[in-house]
Every structure is written in structure tokens, then in C-alpha cells.
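Remarks on the structure that follows.
Order of the sequence lines sets the chain letters (A, B, ...), proteins ahead of strands, with each chain counted from 1. Hydrogens, waters and symmetry mates are skipped; everything else that's a heavy atom, side chains included, is used. Treat the numbers as computed from the prediction; the structure is a model and nothing was measured.
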There are 2 protein chains.
Amino acid sequence: MILAGKIKPGERINESQLAAALQVSRAPIREACRQLEKHNIVEVRTNRGTFVRNIDAKEVAELYDVRAALDSLAGERAAERMTPAAVQELTKHLKLMEAFTAQEDVAAYYRANLDFHMAVVRVSANNSLINLYESVCKQALLFRRTSLSLPNRLCVSLDQHKQIFSALNSGRGDWAAALLKNHVLEAGRALVSAIEPKTMELEAG
Amino acid sequence: MILAGKIKPGERINESQLAAALQVSRAPIREACRQLEKHNIVEVRTNRGTFVRNIDAKEVAELYDVRAALDSLAGERAAERMTPAAVQELTKHLKLMEAFTAQEDVAAYYRANLDFHMAVVRVSANNSLINLYESVCKQALLFRRTSLSLPNRLCVSLDQHKQIFSALNSGRGDWAAALLKNHVLEAGRALVSAIEPKTMELEAG
DNA sequence: GAGATAAAAAGTGTCGACAGGTGACGGACT
DNA sequence: AGTCCGTCACCTGTCGACACTTTTTATCTC
């Protein structure tokens, strides 16, 4: 989507203007906006237009709280449905994360991290959960303003994922659920505390 | 929504036809369809139209699994944020449920039941959770084909709600979470087995 | 000069019409 | 008779224009 870096958060989208810029009518623009609204990326207010959602630290915390609950459920169910293919898939992601930790490539690690969690969710074989999880993650990804440079957390995070995999692999659903919940909540807290001081500075200045 | 009993599940929505029937243009119909798509009530396929989602027992089970996780989270957070106003609100719903149980008014009890859970979710003060929970509940409400006549379950359900309220009121978040999760999962299982008599027969036989 | 009101400008919601695509029916070929 | 292809009707996607709402601006009054 163009939102990646084209339109600032909080800004409103001018349908006519965008339509003229893209050489199309307003109808496709509207369709696209509704599609984005479906994923909670923009907010449509009646007779006032569509605004790019501006996510603050409070909402990040909320989303991670929800994500933790969903991850927990995914782990619980995934443990009941582990297959050789699933083991191989998760192992692949773990190897990648291990490599990126050694290289201290935070961005790549973060992507592999997301892939790992997504894989766990898929193993749960709950389509409703899969869709909801994707939606929540997309929303949480809206504030990529700060590249989260927490290199010392990488080792801790990697170890947590290994424990989660171990729990899943041994069929300990409740254990995996607890580990996942704790892991995501920790990550959320780290992210919020990394973001908050900057917003505080902005508010102060 | 008109879907309540007007259009059969799985059926496609003819925009022109509906527009003519409602004396409006196709644009509002499209808008409404996208709104419904946002809530996962209909499915839009490109160049093929919008179809009312046909939810089967499997998906009901999935949704209730997710709902249980969300309810659990809501209970955990609500216990941390209970206020006198919240106590009063929840008590009100409990009283209503008690009255409807005495009258054996299943439909009214069911509505009050939903209100109670929704109130708990609101007390959690997590807007993302509130929106997601509403969405999941709306989806789960898509198959009201069978009026769930389980009068003997009413007393059990009412008792469970009282226990949940007690846990919330005493600030025992993890207890409330466990009770809620169990309660919703039970309700989901009851609903699924009530909807799919064939699977019950299979399991019994 | 500040606040309020009213008019103008801007923008979204809606409308009727046209273009492109999809599914179905019918005919021809194997 | 079965299968494949071309044609056709129906429907969605898109377009430009109009109506209503919101916002801005300019004027008037205190």
C-alpha cells in the first residue's frame, strides 16, 4: 500500500485530489479506502473523509495485549496439532532467527520472528484465528517510525522462542500458551517503553 | 441488518436488484456491502459479487475458541479496573439474567447474557479488544437458524456468570479469566452439538 | 478587536450510465 | 453422445455529474 511512506499518519485522504493524481475516478479510491478500513488501517468518518489512523503508545499496548491472548490460544491449539511438516517449518524459522541473532541483523530477525509466530498460528488450523491475528499484526505494524534497536533483547527473545518450540513439540499446550503470552507481553512492554519517551519529548517540545 | 432473516446464507446479493427494491442507487448498496465485509458478514469476490457467508459448525467452534480467549483477556483486565459503576452495571445485567431464568425466557436471557459479556469487555477499557470482540460476536451470531432451546443449561450458565462476577469483584483476574474461558468454551461446545445433530449421532454411535 | 453569523468553497455521499468481465446457453466438432 | 468453443446476457467495476454536509472565510455587531 501507498501508506508505507506516502501519506503521514493522522492526515486525511482527499478523494478527488488522489483520484486526479492517479488518473482514475473517485470510485476506485473509495473502494480502496473501504478495503483499508476493513483492515483498520484508516478510519472513515461520515461526511468528513477517511483519515490514516494515528496509533499511540496506549493503543500499541492494547494491541499487544490482544496479540498475547491470540498467540496464547494459537500455541495451545498448535500443540494439539503438531505434524512433522509443522516441526520442520518452525525449525526453519528458528534457524533463521538464530543466524540473524549471530549477525545482529535486527530487522531481519524481526521479520523471521513474525514468520515464526505466524507459522504457529497457522499450525493451530483455526482460520478465524489466522485472519484475526493477521489483522492485529498489521495494525501493530502501523507505527514503524522507530527502528527498534534492542540488540541485547535478541538473545533473550531467541531463547524464549526455543522454549516455545520445545513446549509445542512435546505437546504441552498450556505451557506453550503461557510462554507465548508472556513472550508477547514482554515484547509489547519493551516496544511501548522504547516508543514512549520519544512521544513524551514531542509533547514536551 | 436485513440479513437477520431476509437473505439466505450462501446466497449472492444482486446489487441492481436490491437497489431497485430499496429505491436507491447502487452506490449505497455497495457501501453497505463493504461495511458488512468489514465485519466479515459477507464475502466479496472480484467481478463475481458479494455472498452472504455460510458459517458451518467448524467455523462456529473456531469463533468460540477465539471468543473464549478474548473473554479471558477481558476478564483478566476487567478485574484490574473494576469501579463502583462497573459493579453496578454488571449487577444490573445479572439481575436481568436471573429474572429471565425464572421466566425461562431463553431469547431474553441470551440477549442479557451477551450484554453481560459485552459489559465485562468494556470494563477492560481496551478499545482494540472491544472492537474485535464485537466483530467476533457478530460473526458468531450469523447462524441463528436454530433457536437454542437448552432450558436446563440456563441455571448452570447463570451460576457461572455469578462466579465470574464474584471473581471480578474480588480482583482475582486470573480466576475470572479461567472461569470466562471455560464458560465460553462450554457454551460453544453446547451450541455446536445443538446445531450439528449428525455429528452427535456419529459420536454416539 | 473579539465573537458570532452567514455565505462561499471544498469535499463527501449519491445518482444514472457505460465498459469490462464472468458464467451460461447453444452449436459445432470429435 | 460427449466435449470444446463461440456467443450472449447479466452483473460488477468504473466514470462523470449533482446534491448535501462540513469547513472556512468574510462581514457585521458589540
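Using a 3.5 Å distance cut-off with no hydrogens or angles, the side chains of B/Q35 and B/H39 do not pair a donor with an acceptor.
A salt bridge links A/E80 with A/R77: the distance from a Lys NZ or Arg NE/NH1/NH2 to an Asp or Glu carboxylate oxygen falls below 4.0 Å.
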Check: protein-nucleotides 5-13 of chain D nitrogen or oxygen pairs below 3.5 Å:
from   : atom 1 : to    : atom 2 : distance (Å)
D/dC11 : OP1    : B/N14 : ND2    : 2.8
D/dC11 : O3'    : B/R12 : NH2    : 2.8
D/dT12 : OP1    : B/R12 : NH2    : 3.1
D/dT12 : OP1    : B/I13 : O      : 3.1
D/dT12 : OP2    : B/E15 : N      : 3.4
D/dG13 : OP1    : B/N47 : N      : 3.4
D/dG13 : OP2    : B/R30 : NH1    : 2.8
D/dG13 : OP2    : B/R30 : NH2    : 2.9
D/dG13 : OP2    : B/R34 : NH2    : 3.3
D/dG13 : N7     : B/R26 : NH2    : 2.9
D/dG13 : O6     : B/R26 : NH1    : 3.0

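For A/F165, there are no ring-ring contact (aromatic ring centres under 6.0 Å, His included) partners, not counting sequence neighbours. Under the side-chain hydrogen bond (donor to acceptor under 3.5 Å, both in side chains) criterion, B/Y133 pairs with B/R67, B/D71, sequence neighbours left out.
Within the structure, side chain to side chain donor-acceptor pair (under 3.5 Å) contacts touching residues 163-179 of chain B (residues at least two apart or in different chains) are B/D159-B/Q163. The stretch residues 106-117 of chain B participates, sequence neighbours left out, in no salt bridge (charged side-chain N to carboxylate O under 4.0 Å, His left out) pair at all.
Remark: aromatic rings of A/H117 and A/H161 are close, center separation under 6.0 Å.
Along DNA chain C, the stretch of nucleotides lying under 4.0 Å from any heavy atom of chain A spans, 5' to 3', C/dG11 to C/dT14.
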